[in-house]
Amino acid sequence: MTDALLSVRNLRVEFPTRRGVLTAIDDVSFDIMPGEVLGVVGESGAGKSLTGAAIIGLLEPPGRIAGGEILLKGQRIDNLGAEAMRRIRGKRIGMVFQDPLTSLNPLYTVAQQLIETIRTHADISEAEARKRAVALLDRVGIPAAKRRIDDYPHHFSGGMRQRVVIALALCAEPELVIADEPTTALDVSVQSQIIDLIKEICAERGAAVMLITHDMGVIAETADRVAVLYSGRMAEIGPVTQVITAPEHPYTVGLMGSIPTLTQDHARLVAIPGAMPRLNAIPQGCPFNPRCEHAFDRCFAERPEPLRRGDRRRVACWLYDEVSTVEQEKANV
Amino acid sequence: MLAYILRRIAQSVLVMLVVALVSFALFRFVGDPISSMVGQEATIADRDALREQLGLNDPFLSQFATFVMRAAQGNFGISYRLQEPVMELILSRLPATLELAMVSGVLAFVFGVGFGVYTALRRNGWLSNTIMTVSLVGVSLPTFLIGVLLIWVFAVELQWLPSFGRGNVVMVGDWPTGLLTPSGRASLVLPAITLGLYQMTLIMRLVRAEMLEVLRADYIKFARARGLSNRAVNFGHALKNTMVPVITITGLQLGSIIAFAIITETVFQWPGVGALFINSVRFVDVPVMAAYLMMIALVFVIINLIVDLLYYVVDPRLRVDRAATRH
């Protein structure tokens, strides 16, 4: 437990508004081991990106961490001062955002942005930083890096820009890279290249990856473990093969059912009825209860705690609480 | 790039021709120049002779062509009122106006950008709110009122600064400057504030709005995620992107500062071209009015041209010399 690179414990993120406090992330806990790839999935608004922003300390005000703690190698980072947190950003935790077209400052060349970042985190000369920058661009697959480095972002295509963004996120050799939907804005043909690149380059540097996406296919190919978020809560977390082949939480089951496969012949894809609740109308008990076909009394009254299922797996669903299952069966008799 | 500059210059020439037409029309429609030039005893024959001598009986186009040709050489004729060449009159008074305009322009830009950035970064601080509230006054009070208020407070009540004139000037080459004498500098303070206050508040509000917009941009978030210092993010990344639209407005405002100097110069009896223009209007001194009109137009056209070229310096996306998106 203590050897985790990143530990998120009972994280709670709130947005105070005029009509009361909205809880966007509630009681989310997970670990990321060194070198591990953790996929985080969920629909839009489930709190995936917010979790990433909370970890790196870039929640947009008025959003704030209202509870829980975030530990990087055992050291708390959620309560650090602005300057101490800045030193961690980029240096120990790198971040890749969704849209490469808007992630780079249009008024600076790629070289300027890379060198600036490298020199922020390492005390080296301009020429040295430039050498590193060229090597890095070369590594992320920019052809003729030496020449292209002095180009402006608008001279690059979307896929190439995302490679530059990856180079920027990795230029101080962080231990963890948070990739927030890194391929959503890209052409399908480029997506897998970028995912492969992130996976490869992080593996070679021993950096762990928190891969936020809503693409289950990407998770299946890339991640070691997967965390499924629903309505700001952890629905299920476990090794990717287990979660995909044998999903347990009814939401995960629904999520898997809505993905087309080549091997099986579906007449129609199964969709989960309804929509995720709005933040100001999260139902009592389990947030998934209005859409769950297995919901029973307890789901409407009590919020399910993540239950241990086997060694590395947790599921937040009363169906797997033996006591309640027994009771439910009794009630059904 | 070169083609672009040439095209812009051609457009500028066209604008100047249109303004020349308006100035020229002044001669024909604002009173009869002959009656202001000759005495009351002149006979009709004398008047006709003068009319013929001045070429006022020539066809419209040929008169206009003559006017444009002379204007291009800086010849706007003789002032009806002062009986001196118009160009000399204007040139002798231009330094005073340009000095005033430059000082207020620089003040407006420096304080405008400074306050704008400050209020954008500390959005809800009490000082920001105070600055924003006070700036409303700057936007809404008319220039002459601000000038009169300043005179009342600082010249009449406190007696810190002179209320009119330009103080002592010294010649630097052909340029009489008030910046090098204590009385010249003291005299400059109130007019410069009066003239620059509106522009300052305008620039400040623009910088603030642009900066708030830019601070929400993804590349700012990404710059923070890379661990860059607040200073680098706010001033290196955000401010530079903010400046693109600010440069346009500031440039255009510099033109209006020179043009609006009329009011300030009148309030402070500043011996510049604005005051000259007002007096010329009073005496229907058409050559001076026409020349002033042309001069202001020229200033605007030149500033516009410079602003357009500055874009190229600031924003690399506009430099089309290299192939656009290369893969």
Option from A/I166, A/T120, A/T117 for which side-chain contact (heavy atoms from CB on, under 4.5 Å) with A/C171 holds: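 Only one option passes, and that is A/T117.
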If you draw a 6.0 Å radius around [atom1] in [X], do more than 12 non-hydrogen atoms from other residues or ligands fall strictly inside?
X      : atom1 : value
A/F97  : CZ    : yes
A/R205 : CZ    : yes
B/E213 : CD    : no
B/R123 : CZ    : no

Which region of [X], side chain (C-beta onward) or backbone (N, CA, C, O), has a non-hydrogen atom less than 4.5 Å from a non-hydrogen atom of chain B, or is it both or neither?
X      : value
A/E60  : side chain
A/L107 : both
A/R87  : neither
A/Q98  : neither
A/I93  : backbone

When A/I142, A/I56, A/L58 are compared by non-hydrogen pairs under 4.5 Å with chain B, the top option: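 Looking at each of A/I142, A/I56, A/L58 in turn, A/L58 comes out on top.
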Contact leader toward chain B among A/T102, A/L101, A/V96, where contacts are heavy-atom pairs under 4.5 Å: A/T102
Toward chain B: residues of residues 13-21 of chain A with heavy atoms under 4.5 Å: none
Cation-pi geometry met for B/K240 and B/F235 (6.0 Å, 45°): no
Within 45° cone of B/F222 ring axis and under 6.0 Å: B/R226 NZ or CZ: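 Pair B/R226/B/F222 counts as cation-pi.
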Chain A contact via B/A225 - which portion, at a heavy-atom distance below 4.5 Å: both
Expected output: side-chain A/R161 to main-chain A/P153 donor-acceptor under 3.5 Å: yes
Side-chain donor-acceptor contact under 3.5 Å, B/N230 with B/R224: yes
Check: B/N124/B/N129 side-chain N/O donor and acceptor closer than 3.5 Å: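 On atom types as modelled, these side chains do not qualify, holding no pair under 3.5 Å.
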